[in-house]
Amino acid sequence: MSTPGTAREQGTGLGLMLCQSYLLNLNSRLELESHVQKGSTFSFLLPAVAAA
């Protein structure tokens, strides 16, 4: 069960779960900030890769 988004869209949260899983495998994390009736901001940082 999910609640409608700010534009009344439906979702299951599966996309966020997949993003979080992928980012954890890259030693990163998903961060979010949410405000009722205003929406949400999602962000992440990827680890730097050493040049070869």
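The shown structure was predicted, so the numbers you read here are calculated from the model rather than taken from an experiment.
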With L18 via side chain to side chain contact (heavy atoms under 4.5 Å, CB included) - residues at least two apart: L14

Does a sphere of radius 6.0 Å around CZ in F42 hold more than 12 heavy atoms from other residues, nucleotides or ligands, not counting ones at 6.0 Å or beyond? yes

Working to the nearest 0.5 Å, report the span between CG of L26 and OG of S21. 9.5 Å

Determine whether F44 and Y22 fall in the same hydrophobic cluster, where Ile, Leu, Val, Met, Phe, Trp and Tyr are linked whenever their side-chain heavy atoms lie under 4.5 Å apart. yes

Heavy-atom check, side chain of L16 versus side chain of L30, under 4.5 Å: yes

Applying salt bridge (Lys or Arg N to Asp or Glu O under 4.0 Å), which residue pairs with at least one partner in residues 40-52 are found, sequence neighbours left out? none

Suppose the criterion is salt bridge (Lys or Arg N to Asp or Glu O under 4.0 Å): which pairs have a residue in residues 34-52, not counting sequence neighbours? none

Residue pair E31 / E33, side-chain heavy-atom distance below 4.5 Å: no

If you draw a 6.0 Å radius around CG in L45, do more than 12 non-hydrogen atoms from other residues or ligands fall strictly inside? no

Do L32 and L46 belong to the same hydrophobic cluster, where Ile, Leu, Val, Met, Phe, Trp and Tyr are linked whenever their side-chain heavy atoms lie under 4.5 Å apart, directly or via other members? yes

Distance-only polar pair, side chains of H35 and Q37, donor-acceptor under 3.5 Å: no

